[in-house]
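Note on naming: letters A, B, ... go to the chains in the order of the sequence lines (proteins, then strands), and numbering restarts at 1 for each one.
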Amino acid sequence: MSGLVSFFRRLEGPQTVGRGPAFWSLFAVVMMIALAYPLFSDGYTVGNTVYFFVWVFIALSLCLIWGYGGSLSFGQTAFFGIAGYGYGILTLNFGSAYGFTLVALVAAVAIAAFFAALLGYFMFFGRIAGVFLGIVTLAVTLMLERFMAQTAGPEWHIGSARLNGFNGMSAMPPLTIPWPGEPIVLFADVGLYYFVLGLLVFVYLALRILMNSSFGNVIVAIRENPERAEMLGYDVRKYQLITFVIGAALAGISGVLYTAWGQYITPSSMGMTAAALPLIWVAVGGRSDLTSTVVGTLVVLAAFQALTIYGSQYALVFMGVLLVLTVLIAPNGLVLGTMNWLGRLAARLSQRAG
Amino acid sequence: MSLLELRKLNKHFGGLHVTNAVDLTLEAGEIHCLIGPNGAGKSTLFRLILGEHHPGSGDVLFAGENITALKSFARIRRGLSVKFQVPGVFKGLSVRQNLEIALQSRHRGRELEAEIDRLLVFLGLESEQAQSAGNLSHGQKQWLEIGMAISLKPSLLLLDEPTAGMSPEETHLTGEMVQRLNAGGMTVLAIEHDMAFVRQVAQRVTVLHLGQVFAQGSIDEIVADERVAAIYLGQAHA
């Protein structure tokens with residue numbers, strides 16, 4: 001029992017912003033709004049919100065590897081793509097009966113994680129660090145993009161699933177939950193919304209617990225000073241590899257959900273622009289904090305989409321400017337900076353009141 | 001029994017022979033100081049002991065075991081620990097968290113908290129515990145890192161210039177800290193330029209010069225040695 005209490009106590013800690021009744025009350029209010037939101041909205045808008053949620057997982061993966069671990073991975077989209085294609089290939093071959101889409105989700109994420117374990121082993125045990133890690137991971141995602149782009153011919157197929165080159169794969173079944181009577185198909189509206197929201201909350205809370213655990217301590221210690229961490233007896237390479245694999249799995253979740261959401265996946269999801277965007281969301285939000293990453297990603301994504309819808313051809317330029325401004329004004333992230341400022345303000349007010 | 005034994009240790013950086021057939025034996029329970037002019041190869045010797053560098057030839061034996069091929073973290077787990085020359089604290093984390101990270105592999109829960117509190121008192125850093133380690137003064141950073149190093153309860157503690165940048169009072173306090181640790185059974189090997197510190201703590205002194213063991217003995221013998229004075233002490237006290 002006390003073990004369970006101390007487990008949940010790790011929801012708060014030095015590695016995550018937000019603590020105490022005020023934070024969790026706000027969390028509860030946000031959750032209630034999120035749960036009630038589909039009741040007051042139309043299917044299309046809800047589906048669009050799911051699209052935003054889908055990207056949060058890859059943002060969290062970067063937050064974990066880069067923000068907490070200090071290793072800048074430029075290639076999280078590689079794992080996004082591998083899992084996305086993996087889901088497509090599996091479900092196009094085996095269909096959606098008996099809840100197989102959920103099996104495919106897990107399997108596709110596992111394939112991405114396995115690939116990350118392989119790549120990560122050579123990187124971290126080969127002591128590749130800093131900018132070189134970014135270069136290697138970027139090269140991997142661009143290579144995968146190039147490779148998938150040339151699979152247009154009919155000879156490129158796995159089972160009955162054609163890879164289709166630059167046009168990508170489509171028409172894979174959406175996620176389906178087996179149910180007595182009729183299975184529940186999670187189309188990109190209310191059904192998928194609750195599924196993804198549940199998964200997002202679970203991942204967010206689990207990561208809070210992980211980062212405030214002794215494992216999380218070692219991860220940030222490695223970011224701060226890898227030599228010192230090693231000289232405290234920690235096998236730095238092992239910790240970096242595990243973090244990288246967890247991150248890859250999160251990026252893989254994004255990939256599967258994206259594919260299931262739109263029922264398509266193309267090589268450009270692993271291209272240069274796709275690889276750069278998550279970096280911007282995470283940097284603008286605040287890479288070293290989970291909550292800042294979630295909030296920052298959702299805000300930037302919504303703003304980006306609003307810009308593109310309302311006719312601006314400069315949405316990508318705007319993203320670049322936003323990144324430059326963040327680096328100049330709040331290098332740790334705009335959302336994190338604001339939250340820290342609010343925290344200080346609250347502390348000062350309560351001090352004055354007390 | 002000797003705790004640490006270096007046998008014919010050699011290290012080249014290109015054409016530079018930084019460690020030249022060094023033989024050095026450390027007895028369990030002693031405080032041993034390693035001195036020598038800049039570029040004598042003292043820090044390189046530390047890195048060879050810690051496994052950050054690998055020797056071209058020769059062996060490192062720790063508690064009777066040949067650890068020459070072991071990775072650094074594995075050597076640490078066998079009972080080695082180090083405080084670096086440039087304080088290697090986790091600057092972005094609080095003082096308390098720094099100690100927690102050092103202590104968490106040996107303690108859990110309430111016991112961990114109690115251990116951190118005990119160590120904070122030992123280091124005289126209780127009032128700084130919530131501070132970022134990066135905001136500490138240079139001397140406090142040195143103490144914090146010593147605290148992290150000793151929290152592993154090592155049988156051999158390596159200190160690379162533990163008093164660099166400290167005032168005479170702080171240097172003296174650090175000396176007392178080292179003596180207290182030694183009284184508790186910890187063997188200490190320290191690189192130090194501050195002769196007051198060496199005089200205060202060292203039971204044996206080894207002089208390193210141009211990568212070789214130049215002289216060895218008690219501090220009085222070393223100070224009396226004119227050859228040593230010529231290469232090191234003479235210049236330092238000129």
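- Between A/Ile222 and B/Phe90 the shortest side-chain heavy-atom distance does not fall below 4.5 Å.
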Q. Between B/Phe73 and A/Met231, does a side-chain contact (heavy atoms from CB on, under 4.5 Å) hold up when you go through it step by step?
A. CA-CA 6 Å; B/Phe73 67 88; A/Met231 290 303 166; over 6 Å; no

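- Residue A/Phe23 qualifies as enclosed at atom CZ: its count of foreign heavy atoms under 6.0 Å is above 12.
- The local environment of OH in A/Tyr121 is sparse, with at most 12 non-hydrogen atoms from other residues, nucleotides or ligands closer than 6.0 Å.
- B/Leu152 touches chain A through its side chain: at least one heavy atom from C-beta onward sits under 4.5 Å away, while N, CA, C and O do not.
- For the residue pair A/Gly233 and B/Ile76, the shortest heavy atom distance occurs at N-CG2, 3.4 Å.
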Donor-acceptor pairs, chain A vs chain B, cutoff 3.5 Å:
| from | atom 1 | to | atom 2 | distance (Å) |
| --- | --- | --- | --- | --- |
| A/Gln15 | OE1 | B/Gln97 | NE2 | 2.4 |
| A/Ser214 | O | B/Gln104 | NE2 | 2.9 |
| A/Asn217 | ND2 | B/Glu100 | OE2 | 2.9 |
| A/Asn217 | ND2 | B/Gln104 | OE1 | 2.9 |
| A/Glu224 | OE1 | B/Gly92 | N | 2.6 |
| A/Glu227 | OE2 | B/Arg47 | NH1 | 3.0 |
| A/Arg228 | NH1 | B/Val82 | O | 2.8 |
| A/Arg228 | NH1 | B/Glu145 | OE2 | 2.4 |
| A/Arg228 | NH2 | B/Val82 | O | 3.0 |
| A/Glu230 | OE2 | B/Phe73 | N | 3.3 |
| A/Gly233 | O | B/Arg77 | NE | 2.8 |
| A/Gly233 | O | B/Arg77 | NH2 | 3.1 |
| A/Tyr234 | OH | B/Ile101 | O | 2.6 |
| A/Tyr234 | OH | B/Gln104 | NE2 | 3.4 |

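- For CH2 of A/Trp24, the number of neighbouring non-hydrogen atoms (other residues, nucleotides, ligands) closer than 6.0 Å is greater than 12.
- Environment of CZ in B/Phe13: crowded, with over 12 heavy atoms of neighbouring residues, nucleotides or ligands closer than 6.0 Å.
- Of the atoms belonging to B/Leu80, not a single heavy atom falls under 4.5 Å from chain A.
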